[in-house]
Amino acid sequence: MDAFVSRKRRRISPTDEGDNKSTSLAEEESTDFKLAVLASLHSDVDHGTLLEGLLAFNGVVEAASEHLLRAGSNKSPSKRRNTNSITGYQSTISSFSTKPKNADSAAQVPKKPSAKKGKTLHLYAPEDIETTTPCSMIHNFLPPDEADALLRELLEEAPTFKREKFRLFENVVESPHTMCFYVDSWDEAERQKTEYVYNGSYIADVRKTLPEMRNVALKVQEAVNAEIQRRIQTYYPGGQKFKYQSPHEWKPNAAFVNCYDGGAESVGYHSDQLTYLGPRAVIGSLSLGVAREFRVRRVVARDEPRGDREGKNSHTPSTAADNATTPKGASTRADAEGQISIHLPHNSLLIMHAEMQEEWKHSIAPAAAIDPHPIAGTKRLNITYRCYKASLHPKFTPRCRCGVPTVLRCSFFQWAEFDEDGEPPWAKRVLDAKETEGDAGGGT
Ligand SMILES: O=C(O)CCC(=O)C(=O)O
Ligand SMILES: [Fe+2]
């Protein structure tokens, strides 16, 4: 069984803070969570014994764990590992979901992990991630040498990355991390710089995809396509793709690379702009270097007032933007349904599936402490591989009367009658023209 790195003190997540800072883990966490913690500390103890221990000590994990230790049932508790670490490993929570024969009827053992109002549910195991969120996770995605080579390639570029600037009401605000945009050729980079509008302006610095990034893109492509099919078959009604979801192979042709240097660097809750990706877009997100927390939450009804900001990816610092869109502020909205924290270790591939951008928001939370990475030091590098659609090139997409390109936000604003496969009415004309030109590339 994998270990779950626990701190002696409970994790205080931003949304956990406030009134109940002094409340103990015993009072706050559900039985399944406590059992998962206990199991990771006592990997060779069976489920029934763990539950008995927990009940005997009134749900206090520390006390139950001490007891199990004294009883000699554990060889090397992972609890003794680095207590400052934010990196965690956990066996699946769902393995604790069956009610054991001897369990006290008062013990609450939910069927699957679920986010609860005002709480952060921390997920580590791919099984838990894919049953609870629209994401799938592949740990140790690349051979270690390849992951390290890619990380080194990006670390060389990272000092030249810039903070994204965007307008928030009267002010120009900078993103709380740096980033850079890459496409597959210099020609395409030029087109991006002069034709694609993001948040009312062009991106000044668009680069050609680096060699390691390109090699890895092919592996990401293969894995993402396999995961899309698996997700459709396993989780979607009738084993059918979503309406508007593309039936075609997912081929990444653009990537944002994000760099978070130190625990204070982050990205606020946002969903990625779909204007050039189309509805029900899928994104492959590879993490390298320092492990960080990827927080997700469902979009709640009052969450999206019209006029929500439109960054390149609607990236904004959580405090400024979230507070700006509702008087109650970011933490209140994350509280409404609870948020889920997915741990992203070095060399992990997270796939955001078709449900994600329109129905959920995501963020990289600031971290109180980080584990430095042997190559990256305090940095986390992230590549989000994206598939820009040829039919959604800005020369085809609508503009407002004032000339500013209109942004596609499918949850409440659609500017085309997309067909079942998420293509606008002019798609066939675009594809025919491409075929005639013999232009196989581009797409963005
Ligand atoms: O750093 C990450 O994992 C997320 C980045 C992200 O949300 C984005 O590029 O849109
Ligand atoms: Fe994003």
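In listed order, ligands and their atoms are each counted from 1. In what follows, every heavy atom counts, from backbone to side chain, and hydrogens, waters and symmetry copies are set aside.
Under the 4.5 Å side-chain criterion, counting only non-hydrogen atoms from C-beta, D148 is in contact with H346. In this structure the side chain of E130 reaches within 4.5 angstrom of the side chain of R230, judged on heavy atoms.
Using a 4.0 angstrom heavy-atom cutoff, M179 does not count as in contact with ligand 1. Residue contacts with ligand 1: R386 is included, with a non-hydrogen atom under 4.0 Å away. In this structure, H177 falls outside the shell of residues with a heavy atom less than 4.0 angstrom from ligand 1.
Taking every non-hydrogen atom of D272 and a distance limit under 4.0 Å, the qualifying atoms of ligand 1 come out as 10 (O). For ligand 1, the atoms closer than 4.0 angstrom to any heavy atom of N382 are 1 (O), 2 (C), 3 (O), 4 (C), 5 (C). With ligand atoms numbered from 1 in the order given, ligand 1 contributes 7 (O) to contacts under 4.0 Å with heavy atoms of H362.
No part of R292 comes within 4.0 Å of ligand 1, judged by heavy-atom distances. Contacts of Q273 with ligand 1, taken as heavy-atom pairs under 4.0 Å, are absent altogether.
Here the side chain of T234 pairs no donor or acceptor atom with the backbone of R231 at under 3.5 angstrom. Of the possible polar contacts, one joining the R292 side chain to the A365 backbone as a donor-acceptor pair under 3.5 Å is found.
E355 and Y236 form a side-chain donor-acceptor contact under 3.5 Å, judged by distance and modelled atom types alone. Looking only at atom types and distance, the side chain of Y198 has a donor-acceptor partner in the side chain of Q192 under 3.5 Å away.
Per residue H270, closest N, O or S atom to the Fe ion (ligand 2): atom name NE2.
Between F181, Y260, Y269, it is Y260 that holds the heavy atom closest to atom 4 (C) of ligand 1.
Ion pairing between E190 and K208 fails under the 4.0 Å rule for side-chain N and carboxylate O. Taking 4.0 Å as the cut-off between side-chain N and carboxylate O, E265 and R163 count as a salt-bridged pair.
Residue N258 has at least one N or O atom closer than 3.5 Å to an N or O atom of ligand 1.
The OD1 atom of D272, the Fe ion (ligand 2) and the NE2 atom of H362 define an angle of 90° (nearest 10 degrees).
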